[in-house]
*Asks:* 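The following block contains the structure, expressed as structure tokens.
Every number for a ligand or one of its atoms is a count from 1 in the order of the listing.
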Amino acid sequence: MDTNNSVDTGRKKMDQLSPYLENDMGQKATTDNGLKISNTDDSLKLGERGPTLLEDFHFRQKITHFDHERIPERVVHARGFGAHGFFQLYESMSEYTKAKFLQDPNLTTPVFVRFSTVVGSRGSADTVRDVRGFATKFYTEDGNLDIVGNNIPVFFIQDAIKFPDIVHAIKPEPHNEVPQATSAHDTFWDFVVNTPETAHMVMWLMSDRAIPRSFRMMEGFGVNTFRLINAQGQARFVKFHWKPLLGVHSLLRDEAQRLSGKDPDFHRRDLWDAIEQGNYPEYELGVQIIEESQEFSFDFDILDPTKVWPEELIPVKIIGKMTLNKNVDNFFAETEQVAFCPANIVPGIDFSNDPLLQGRLFSYEDTQLSRLGGPNFRQIPINRPVVPVHNDQRDGGHQMRIHQGNVSYFPNMLAQNSPSPADEAEGGFVHYAERVDAHKVRARSQSFRDHFRQATLFWNSMSPTEKAHIVDAFHYEAGSVKNKEVKQAVADMFAHVAPELGEQIAVGIGVNRPPSVPANDMKASSAALSQENTIKSARTRKVAVLVENGFCPLAVNTMLNELKAAGAVAETVSSSLAPITGKDGTMLEPNKSFVTTSSLVYDAVFIPGGANHADAISQNIDVRLFINEALRHMKTVGAADEAAELLLMTDAAGLISNFTGSEGTPWVNQGVVLIQGADNLQPYCAEFINQLSGHRHWGRLIDYPITAA
Ligand code: HDD
């Protein structure tokens with residue numbers, strides 16, 4: 001683990017976990033009772049061919065434990081992946097909050113983060129179109145604080161009482177448990193068209209945000225409105241943001257769907273590998289703050305979780321950085337057993353009356369009782385705070401603490417009133433004394449009634465490419481719906497967001513053009529919502545270098561070195577894993593073969609020159625498929641010398657039809673980078689890396705969005 005950064009770099013939690021680490025290396029096997037086992041391959045039988053005996057306690061214990069290895073998966077966010085790290089503040093936030101971990105920039109706070117998909121089961125694929133969970137547990141000196149967020153800043157519904165409805169609608173349909181891990185089916189869209197408050201989040205779900213390139217390249221949002229409280233007792237409303245230092249980047253729909261088969265673990269593998277390679281994912285923490293006096297100053301209700309606070313109106317103040325620098329030792333013990341809850345807060349942070357948040361405060365504790373089997377789940381090592389726990393809570397299944405003495409109540413004289421409540425000065429949590437004077441009603445505020453204007457803001461903010469991707473996603477999702485009335489209703493509903501969107505949906509899914517609807521008066525756009533404006537970098541991007549016998553070692557070495565210097569990760573890929581020989585006799589052992597990998601897992605492809613190499617490659621159908629797929633998915637594709645001409649064979653898009661040789665200088669068109677006859681490949685590599693840092697070359701096929709007939 002990285003420890004040079006600051007004082008305690010996440011160490012407090014690791015120190016706490018270390019006594020629980022187990023290592024069986026070199027040990028003799030025992031039963032759970034500590035009895036040494038002499039044979040674990042044969043059950044105890046009456047004669048070698050006889051029946052197994054009930055007396056075989058080792059057999060019974062081994063099988064019984066195995067029979068109970070699984071616990072219920074999370075009812076939502078079942079598939080996830082976690083990592084340890086630390087958070088460090090840039091500047092003191094004492095003006096806004098008294099939270100201890102937000103006072104001193106020299107202090108680091110250990111964190112555990114779990115990323116997840118929402119809909120699929122534990123074994124489902126990583127790259128499905130879905131919201132991603134982004135849950136962070138801060139192990140602070142005031143106890144645990146959880147920011148249980150998503151990578152989408154708004155939610156489907158406004159009131160928690162509708163959560164079971166939306167989840168039942170989006171999960172696999174109950175009669176046949178089909179389809180897995182997708183919203184592309186009738187019940188989800190039936191719910192959507194009957195619940196207009198979903199419009200805004202559905203726009204995000206249909207956008208590229210829902211198919212991230214990596215957990216390391218997505219934003220996180222606390223979604224709900226919280227409060228910050230300072231030492232003087234002043235309160236302000238706050239929304240939390242995580243901003244990835246690698247920018248926000250996505251896959252293509254087709255790429256994501258194919259990846260689901262080729263590498264269902266694509267995102268967890270990416271996170272794990274990045275941390276193992278020392279490419280620690282980093283996210284800046286930002287806050288949007290609204291004064292209490294401004295609560296009613298906006299054209300949306302700041303308690304409505306289906307609304308963003310546009311960053312141009314309420315800027316995101318960047319206050320610190322989180323670094324994920326250690327993978328888990330054991331997935332089940334840590335990632336599966338971690339229990340998050342938005343009600344886990346610390347002095348200096350408090351709730352708002354956001355009706356979605358209010359319900360969440362109940363649901364998370366409750367769900368752990370069945371998932372983790374009782375009220376002592378907070379004693380599981382990953383869930384323990386790094387500060388002492390003292391109270392009169394007792395007993396329950398799997399109690400780990402051995403409480404001494406005869407007192408487990410308060411007040412008492414027998415133990416001098418211990419454990420005793422702490423007053424505010426001693427760090428005791430005191431709820432913000434908000435004044436509420438109202439009738440008890442089962443109702444929704446009028447200020448929550450505008451469901452389309454911010455959906456339109458989102459649409460207005462998208463680039464032409466992003467809009468084309470949203471339309472494509474609707475075509476796939478609503479096009480997968482069987483019921484024609486529901487399909488029609490989808491086109492009709494999203495015409496309220498933008499008439500052209502409704503029309504383009506209708507064309508693609510074979511329903512009538514939506515009737516014209518009153519114009520939505522949202523004309524604004526927000527640059528912060530578009531991924532076009534994000535950070536672009538080649539750092540940690542993955543490049544495939546295709547090699548066969550006869551490859552040019554100079555080209556391969558230069559490219560590998562330059563990619564490394566740029567912080568990118570390269571792998572050599574060949575027909576088999578057997579060593580190959582370069583044109584000067586250099587031997588190379590490929591990292592991957594066309595059987596063990598695919599273009600899908602790379603951001604770019606490079607093919608070095610070499611006369612025999614070109615021949616070997618031109619005869620290989622796998623190479624053509626590899627390059628074609630990379631071109632189709634808008635990735636950077638480069639080739640040098642003889643290999644440059646080979647690209648013409650795969651040039652279905654006509655990208656290099658005007659290539660007539662490059663005479664030693666790099667030739668570039670829409671992310672295709674070619675070179676011929678250069679003595680020094682460094683300038684070429686620099687251009688290749690420049691193209692790679694652009695992520696994808698959307699211009700390549702942008703002239704094909706479907707327009708209304
Ligand atoms: Fe939730 C898990 C995020 C609304 C009820 N939720 C869960 C996780 C995340 C979120 C990231 C996974 C935590 C982990 O990795 O263990 N949920 C959200 C966000 C919401 C939201 C950002 C809207 C602002 N959730 C929400 C509502 C309810 C729930 C309205 C219920 C009323 N969520 C749950 C849950 C889960 C959960 C059933 C399942 C597993 C768990 O809690 O621990 O309680």
Side-chain angles (χ1 to χ4, degrees), residues 71-84 111-122 126 130-137 144 146-171 195 197-198 200-201 204-205 209-210 212 215 218-226 239-242 267-268 271 302-309 328 331-344 351-373 377-378 380 382-383:
I71 60 171
E73 65 175 30
R74 289 167 174 81
V75 58
V76 283
H77 297 264
R79 181 164 180 86
F81 203 65
H84 294 274
V111 298
F112 185 76
V113 176
R114 182 174 178 271
F115 301 106
S116 49
T117 52
V118 178
V119 180
S121 298
R122 246 190 79 179
D126 277 347
D130 198 354
V131 183
R132 297 299 184 286
F134 191 136
T136 310
K137 193 180 282 294
N144 291 351
D146 294 353
I147 298 182
V148 194
N150 283 337
N151 76 330
I152 288 179
V154 289
F155 205 62
F156 290 118
I157 46 164
Q158 296 171 320
D159 190 314
I161 199 166
K162 291 179 76 64
F163 192 66
D165 299 297
I166 171 68
V167 175
H168 287 173
I170 202 168
K171 281 272 184 178
T195 318
E197 73 206 57
T198 57
H200 190 190
M201 182 154 176
W204 284 79
L205 184 66
R209 299 275 181 154
F215 292 139
M218 61 185 205
E219 285 179 294
F221 303 91
V223 182
N224 296 120
T225 299
F226 284 80
K239 273 193 194 281
F240 295 106
H241 294 247
W242 291 114
H267 282 150
R268 54 171 64 179
L271 187 71
I302 66 164
L303 300 186
D304 176 353
T306 66
K307 302 294 181 291
V308 292
W309 297 357
V328 294
F331 178 88
F332 181 86
E334 299 173 75
T335 310
E336 192 59 9
Q337 294 200 108
V338 67
F340 291 93
C341 178
N344 291 347
F351 311 124
S352 75
N353 295 334
D354 170 343
L356 195 75
L357 173 61
Q358 290 286 319
R360 294 181 74 197
L361 301 180
F362 164 73
S363 182
Y364 289 70
E365 300 278 339
D366 182 47
T367 202
Q368 315 304 350
L369 298 179
S370 55
R371 193 173 76 82
L372 297 171
F377 64 87
R378 294 176 198 82
I380 296 171
I382 191 70
N383 293 325

*Asks:* Which ligand 1 atoms are under 4.0 Å away from a heavy-atom of L356?
*Replies:* 23 (C), 24 (C), 30 (C)

*Asks:* Output yes when a side-chain donor or acceptor of K171 lies under 3.5 Å from a complementary backbone atom of V119, and no otherwise.
*Replies:* yes

*Asks:* Between F156 and T195, is there a side-chain heavy-atom distance shorter than 4.5 Å?
*Replies:* no

*Asks:* At less than 4.0 angstrom from any non-hydrogen atom of N224, what atoms of ligand 1 do you find?
*Replies:* 24 (C)

*Asks:* Can you tell which part of D366 has a heavy atom less than 4.0 Å from ligand 1: side chain, backbone, both or neither?
*Replies:* neither

*Asks:* With sequence neighbours left out, what residues match R74 under salt bridge (charged side-chain N to carboxylate O under 4.0 Å, His left out)?
*Replies:* E336

*Asks:* When you look at CG of L369, are more than 12 heavy atoms from neighbouring residues, nucleotides or ligands closer to it than 6.0 Å?
*Replies:* yes

*Asks:* Counting only protein N/O/S, how many atoms fall short of 2.8 Å from atom 1 (Fe) of ligand 1?
*Replies:* 1

*Asks:* Hey, does L361 have a side-chain heavy atom less than 4.5 Å from the side chain of P342?
*Replies:* yes

*Asks:* Considering the heavy atoms of V223, write down every atom of ligand 1 situated less than 4.0 Å from one of them.
*Replies:* 22 (C), 24 (C)

*Asks:* With a 4.5 Å heavy-atom cut-off, do R79 and D126 have their side chains touching?
*Replies:* yes

*Asks:* Give the atoms of ligand 1, by number and element, whose distance to some non-hydrogen atom of Q368 is under 4.0 Å.
*Replies:* 41 (C), 43 (O)

*Asks:* Quick one: list whatever passes salt bridge (charged side-chain N to carboxylate O under 4.0 Å, His left out) with R209, sequence neighbours left out.
*Replies:* E219

*Asks:* Which residue and atom name correspond to the protein heavy atom nearest atom 13 (C) of ligand 1, and how close is it?
*Replies:* F340 CD1, 3.9 Å

*Asks:* Is it true that the NZ or CZ of K137 lies under 6.0 Å from the centre of F340's six-membered ring and within 45 degrees of the ring axis?
*Replies:* yes

*Asks:* With no hydrogens and no angle check, is any side-chain donor or acceptor of D159 less than 3.5 Å from a backbone partner on I161?
*Replies:* yes

*Asks:* Run the numbers for me: atoms of ligand 1, each under 4.0 Å from some heavy atom of R74, listed by number.
*Replies:* 14 (C), 16 (O), 40 (C)

*Asks:* Between T117 and H267, is any pair of side-chain heavy atoms under 4.5 Å apart?
*Replies:* no

*Asks:* Please list, chain by chain and in numerical order, all residues satisfying side chain to side chain contact (heavy atoms under 4.5 Å, CB included) with R378, sequence neighbours excluded.
*Replies:* E365

*Asks:* Among all protein heavy atoms in this structure, tell me which lies nearest to atom 22 (C) of ligand 1, with the distance rounded to 0.1 Å.
*Replies:* N150 ND2, 3.2 Å

*Asks:* If you measure from atom 11 (C) of ligand 1 to every heavy atom of G149, S116, P72, G359, which option wins on shortest distance?
*Replies:* G149

*Asks:* Quick one: does ligand 1 sit under 4.0 Å from the side chain of T367, the backbone, both or neither, non-hydrogen atoms only?
*Replies:* side chain

*Asks:* Looking only at protein heavy atoms, which one is nearest to atom 38 (C) of ligand 1, and what is the separation?
*Replies:* V75 CG1, 3.3 Å

*Asks:* Using a plain distance cutoff, I'd like to know if R114 has any nitrogen or oxygen under 3.5 Å from a nitrogen or oxygen of ligand 1.
*Replies:* yes

*Asks:* Kindly assign one of parallel, tilted or perpendicular to the pair F331 and F81, based on the angle between their ring planes and the thresholds 30° and 60°.
*Replies:* parallel

